[in-house]
Each structure stands twice: as C-alpha cells, then as structure tokens.
Amino acid sequence: MEHYVIGEGEQEFSVTIVRKKVKNINLRVQRDMTVIVTADKRIERKRIFDFVHEKRDWILKHLHFFREQSERIQAVKNKHKDEILYLGGYCSVELKLRAGQKNGSIQGNQIVLFVRNKKNRDEYEKVLQMWYREQAKQVFSESLERLYPVVETFGVQFPTLTVRTMKSRWGSCMVQKNQINLNLQLIKMPISCIDYVMLHELIHFLYPNHGTEFKSFLTKYMPDWKERKKQLNEMILSEER
C-alpha cells in the first residue's frame, strides 16, 4: 500500500493506494474518512493522481458529510455516555450485587444488571451482552410470531430463529435450513426496525434476491419500509460509539 497527503488546510486529505488486479481505477471514501484508491500495479502513479484530482470535489463532499456525521456521533456519545441503547431509546444502568438473580431486568427507563463486582468493567460488559441476548431472543421471537402469517399463506414453513453477532448485516435467511439469523445489535433498534428486518428475511423464502417482485411484496405488506430502513440507518450512525 502507498500513502499520500493531497491538498492543504481544510481541503487536505490522505489517500491510500492499494495495488490489485482490477480493470479500472476504483475510488471510495470510507466512513472513517479514509480515501482508498484501488488500481492495477501496471497503472502509473501519475495517472492515479490525475484521477484523484479529477474526483477532488466529489471526495471533499463525502469527507464533509462523514465529518459532520462523526461530530453528531460524538455529541450523542457525550450526551448518553452513562446510558445504553435498547429498543431505540437510551436507558440508565444500575449495578446490583448478584445473589443468584438473573443477569438483569428493566424497570421503566432503567436497566438493572446483577454483577459480583461493581468495579469490574469486563464483568459488566459480559453481563450486559448476556442480558442483551436474552432480550433479543424474546423480542425477535415475538416479531417472528407477528410477521410469519404474511408468508404462511404462501406455503412458507415456520422458520427457526437464531441470534448471532454479525459485522455487516442485520439479518440473513438460510432457505435450505429454513432458518433466519438476526444480528444481536438489532435489539438496540426500535421495534419498527426489527419488524422491517424480520419481514425482509421472511420474504427471502419467496424471493431470493431484492428484485422487483421482492420490493413489491415488501411494499404491499409494509408500505413504510423505506422510512423504517432510513430510521435504522440513522440509528446505526448514532450508535457508532
């Protein structure tokens, strides 16, 4: 990889050139505000720089967008630094010493977690994740029960449901195993978003891709799915903390 700095002052940005066997020069601006250029090793550096300069305004526009989003995320972090996200809202956390109780409970806008040592951060994180998983299994199952009838009349069998940790997807559908997998992090999102992801995966039992038939079916049974998807994307930004 090759690293360069282009521009000056507020218009300065770093570029990383990655050499791969690709047909074209590819450019992308990532959310962490890094600019990645992928090009074949045979392409001269001057040609790459010329390409980057041609796309300079486009790059600066996206860098500005991600910089604003980063500032927004930081503001959310500062505002809710002692709270956790659950079903689209922020809840305060109270730690209580464990005495055979379950991992936690929720009381209004407060979540009570039971730990052996209140000062042990690792234990806190472990108990929190176990509590999240318990809630996810219950909430996701209720969502499946609500939305399964939409596809039941089309011959879809009731699927099994698993909760997983996923890096890049909210859910997946394994048609051959008759199984839906949902991302554990989805428990932090509003019920409306959870239902959107659930219906999305259920429809894949009928339509494997995201073509016209898939979208028409989704629109018929969830007309506001685009708003729900947008809300989910906005929640992603606010939760990157």
Side-chain angles (χ1 to χ4, degrees), residues 1-81 85 88 125 164-175 181-186 188-189 193 196-197 200-201 203-204 207-216 218-219 225-241:
M1 290 190 294
E2 307 167 44
H3 303 279
Y4 302 94
V5 176
I6 295 177
E8 297 180 355
E10 295 183 355
Q11 296 187 339
E12 179 182 288
F13 57 89
S14 60
V15 175
T16 298
I17 299 176
V18 179
R19 296 292 186 170
K20 286 186 178 181
K21 191 175 181 180
V22 292
K23 184 178 180 180
N24 302 311
I25 301 176
N26 302 313
L27 169 68
R28 69 180 186 273
V29 179
Q30 302 187 137
R31 188 168 289 165
D32 62 0
M33 290 180 287
T34 55
V35 180
I36 308 295
V37 177
T38 306
D40 191 277
K41 62 182 179 180
R42 294 171 297 179
I43 297 179
E44 296 181 357
R45 190 177 293 112
K46 181 180 182 304
R47 183 180 168 190
I48 295 175
F49 280 136
D50 288 343
F51 177 79
V52 171
H53 281 293
E54 288 177 7
K55 301 294 183 178
R56 180 171 166 275
D57 290 342
W58 182 88
I59 293 171
L60 291 174
K61 176 183 176 180
H62 281 75
L63 287 174
H64 177 71
F65 171 78
F66 287 131
R67 189 174 294 110
E68 285 188 334
Q69 294 297 345
S70 178
E71 292 172 355
R72 174 187 168 190
I73 292 167
Q74 188 60 47
V76 172
K77 286 176 63 175
N78 293 337
K79 181 178 180 180
H80 299 286
K81 61 180 179 180
L85 193 58
E125 291 292 344
R164 294 184 176 179
T165 299
M166 303 180 186
K167 291 184 177 180
S168 60
R169 291 189 292 181
W170 287 116
S172 64
C173 173
M174 303 173 70
V175 177
N181 309 308
L182 291 189
N183 192 329
L184 174 61
Q185 297 302 313
L186 194 58
K188 300 178 181 180
M189 306 303 160
C193 294
Y196 157 69
V197 176
H200 181 114
E201 300 307 331
I203 297 174
H204 276 313
Y207 306 106
N209 54 42
H210 299 109
T212 302
E213 290 180 313
F214 176 93
K215 291 180 179 178
S216 296
L218 180 57
T219 301
W225 69 268
K226 291 183 180 179
E227 288 74 17
R228 298 186 191 216
K229 182 179 180 180
K230 180 181 178 182
Q231 183 182 18
L232 182 59
N233 290 333
E234 291 174 348
M235 292 297 297
I236 294 172
L237 291 175
S238 66
E239 176 55 8
E240 289 186 350
R241 26 192 287 151

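The structure presented is a predicted model; accordingly, all values stated were derived computationally and were not measured.
Separating the CZ atom in R67 from the CG atom in L60 is a distance of 8.5 Å, to the nearest 0.5 Å. The distance from the OG1 atom of T219 to the CH2 atom of W225 is 6.0 Å, given to the nearest 0.5 Å. A distance of 12.0 Å separates CD1 in I203 from CD in E213, rounded to the nearest 0.5 Å. Atom CD of residue Q11 and atom CD1 of residue I59 lie 11.5 Å apart, to the nearest 0.5 angstrom. Between the CZ atom of R28 and the OG1 atom of T16 there is a distance of 9.5 Å, given to the nearest 0.5 Å. Of the inter-residue distances, the one linking E201 atom CD with W170 atom CH2 reads 12.5 Å to the nearest 0.5 angstrom.
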task: Carefully, step by step, assess D40 and K20 under the rule side chain to side chain contact (heavy atoms under 4.5 Å, CB included).
output: CA-CA 5 Å; D40 191 277; K20 286 186 178 181; over 6 Å; no

**Study point:** Derivation of the side chain to side chain contact (heavy atoms under 4.5 Å, CB included) call for L232 and K229
**Key:** CA-CA 5 Å; L232 182 59; K229 182 179 180 180; 5.5 Å; no

Go through the steps to decide whether V52 and I25 satisfy the test side chain to side chain contact (heavy atoms under 4.5 Å, CB included), and finish with yes or no. CA-CA 10 Å; V52 171; I25 301 176; over 6 Å; no

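When all heavy atoms of V22 and N24 are compared, the pair lying nearest together is CG2-O, 3.3 Å. Here the shortest heavy-atom pairing between V29 and F66 reads O-CE1, 3.6 Å. Closest of all the heavy-atom pairs between I48 and A39 is CD1-CB, 3.8 Å.
Partners of Y4 by side-chain hydrogen bond (donor to acceptor under 3.5 Å, both in side chains), not counting sequence neighbours, listed by chain and number: E2, R45. The side-chain contact (heavy atoms from CB on, under 4.5 Å) check on N181 picks up T162, R164, M166, S172, M174, Q179, with sequence neighbours excluded. When the ring-ring contact (aromatic ring centres under 6.0 Å, His included) test is applied to H210, the partners found at least two apart in sequence or on another chain are H200, H204, F214.
In terms of modelled atom types and a separation under 3.5 Å, the side chain of T34 and the main chain of Q30 share no donor-acceptor contact.
In E44, the CD atom is not crowded: 12 or fewer heavy atoms of neighbouring residues, nucleotides or ligands sit closer than 6.0 Å.
For the side chain to side chain contact (heavy atoms under 4.5 Å, CB included) test with W58, the passing option among R56, H62, E54 is H62; the others fail.
Side-chain contact between R19 and I43: present, with at least one pair of heavy atoms (C-beta onward) separated by less than 4.5 Å.
A salt bridge is defined here as a Lys NZ or Arg NE, NH1 or NH2 lying under 4.0 Å from an Asp or Glu carboxylate O, and D50 with K46 meets this definition.
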